[in-house]
Number of protein chains: 2
Amino acid sequence: MRIGELSERTGTPRRLLRYYEEQGLLAADRAPNGYRDYPEGCVDRVLQIRGLLASGLPTRIIKQILPCINDPRAIHVSDPTPETIATLEDERRRMTDRIECLLRSRDAISNYLEAVRRAQRPTAAR
Amino acid sequence: MRIGELSERTGTPRRLLRYYEEQGLLAADRAPNGYRDYPEGCVDRVLQIRGLLASGLPTRIIKQILPCINDPRAIHVSDPTPETIATLEDERRRMTDRIECLLRSRDAISNYLEAVRRAQRPTAAR
DNA sequence: TCAAACCCTCACATCGGTGTGAAGGTCAAG
DNA sequence: CTTGACCTTCACACCGATGTGAGGGTTTGA
């Protein structure tokens, strides 16, 4: 698929798809005319990237994480230097922190909304 | 406590504490000499702020969320305009998305690390 | 064959969070 | 009284993600 379709299906500006490629997060081969040609799987991949970016991870880290997600079960034990492993462990910890922070805050919002709801519908269907 | 202590106890540059105040996330009263004077609770508050920032939320949103977290059980039903409520619901959804994305990715990393570990210690204590 | 709708690269701009430092006031200890 | 460690405000700089648009090629359909 070409960049326009990928853009539409992922809700991502073309500009950013090119940027992700430049950052090494996304690969596309090229049609003879130079147009990018994306395989189907890119849709999910782009959504992953956007999700992680929205969660505060920089492209540099996402680049290291993506292979772990994509390799469908088949780990290439080829590359992982002890250094890479350390980075991954580090980043996993950071992600756990984020998750906990978000969970706490989300629950607080839920409680708040719930309380407001109760206060607004004072002693209704009870 | 003064800004230096708060900075040290939260691992946050003074610069940012002032920035958070400027953004309306943090309040300090002033000593007669103009120095900021923070109450004890600010330590937790700052950590919350940093956690949410690291999770990709902008100060504008954090500002709306913090009151829900701080109000210890006692909701001020005073302010919440229907508009504010809508924003909160929206943001809660976004946070849920983030949480799910992070969970998926973290689990993928865990699986990966686990697999690498198994591959590196080939048929050990078994 | 021409217009519209794609695509390309390149480059400059914006925005939010953060770094850094200048210029100066306050306070405690020697 | 001075020195050093704090604090103040202000301003400019940086970095990563994103917006925008110029200048130009390709494809499709009227």
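Convention: sequence-line order gives letters A, B, ...; per-chain numbering from 1.
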Integer-rounded Å distance: [N] [atom2] and [X] [atom1]:
X: B:Q23; N: C:dT18; atom1: CD; atom2: P; value: 10 Å
X: A:E5; N: C:dC7; atom1: CD; atom2: P; value: 10 Å
X: B:R18; N: C:dT20; atom1: CZ; atom2: P; value: 15 Å
X: B:E8; N: D:dC6; atom1: CD; atom2: C1'; value: 12 Å
X: B:E22; N: D:dT8; atom1: CD; atom2: P; value: 14 Å
X: B:E21; N: D:dT9; atom1: CD; atom2: C1'; value: 12 Å
X: B:Y19; N: D:dT8; atom1: OH; atom2: P; value: 18 Å
X: B:D29; N: D:dT8; atom1: CG; atom2: C1'; value: 16 Å

Of B:R60 and A:G34, the one whose closest nucleotide on DNA chain C sits nearer the 5' end is A:G34

Under a 4.0 Å heavy-atom criterion, the protein footprint on nucleotides 25-30 of chain D, written with B, S and -, is BBS---

Has [X] got a side-chain N or O lying under 4.0 Å from the OP1 or OP2 atom of [N]?
X: A:R36; N: C:dC7; answer: no
X: A:Y20; N: D:dA17; answer: no
X: A:T59; N: D:dG16; answer: no

Using atom names, set out every protein N or O paired with an N or O of nucleotides 19-21 of chain D below 3.5 Å, distance rounded to 0.1 Å.
| residue | atom | partner | partner atom | Å |
| --- | --- | --- | --- | --- |
| D:dG19 | O6 | A:R15 | NE | 3.4 |
| D:dG19 | O6 | A:R15 | NH2 | 3.0 |
| D:dT20 | O4 | A:R15 | NE | 3.2 |

So do A:L25 and A:Y19 actually touch side chain to side chain, heavy atoms under 4.5 Å?
no

So the salt bridge (Lys or Arg N to Asp or Glu O under 4.0 Å) pairs with at least one residue in residues 18-32 of chain A (sequence neighbours excluded) are A:E21-A:R30, A:E21-A:R36

Name all residues meeting the salt bridge (charged side-chain N to carboxylate O under 4.0 Å, His left out) criterion together with [X]; count only those two or more places apart in sequence or in a different chain, and write none if there are none.
X: A:R93; answer: A:D97
X: A:R50; answer: none
X: B:E8; answer: none
X: B:D37; answer: none

With sequence neighbours left out, the residues meeting side-chain hydrogen bond (donor to acceptor under 3.5 Å, both in side chains) with A:Q64 are none

For A:R9, the side-chain hydrogen bond (donor to acceptor under 3.5 Å, both in side chains) test, sequence neighbours excluded, returns A:E5, A:E40

Pairs under 3.5 angstrom only: tabulate donor-acceptor contacts from the side chains of residues 99-107 of chain B to other protein residues two or more places apart or in another chain.
| residue | atom | partner | partner atom | Å |
| --- | --- | --- | --- | --- |
| B:S105 | OG | B:C101 | O | 2.9 |
| B:R106 | NH1 | A:T96 | OG1 | 3.1 |

Residues at least two apart in sequence or cross-chain that pass side chain to side chain contact (heavy atoms under 4.5 Å, CB included) with B:S7, listed by chain then number, are B:R14, B:L17

Taking B:R94 for its side chain and B:E89 for its backbone only, find out whether a donor-acceptor pair lies under 3.5 Å.
no

Under a 4.0 Å heavy-atom cutoff, the residues of residues 38-57 of chain A touching DNA chain D are A:R50, A:L53

Side-chain contact check for A:I3: nearest option of D:dT8, D:dT18, C:dC8 is C:dC8

Original post:
Is there a donor in the side chain of A:T87 and an acceptor in the side chain of A:T84, or the other way round, less than 3.5 Å apart?
Top reply: no

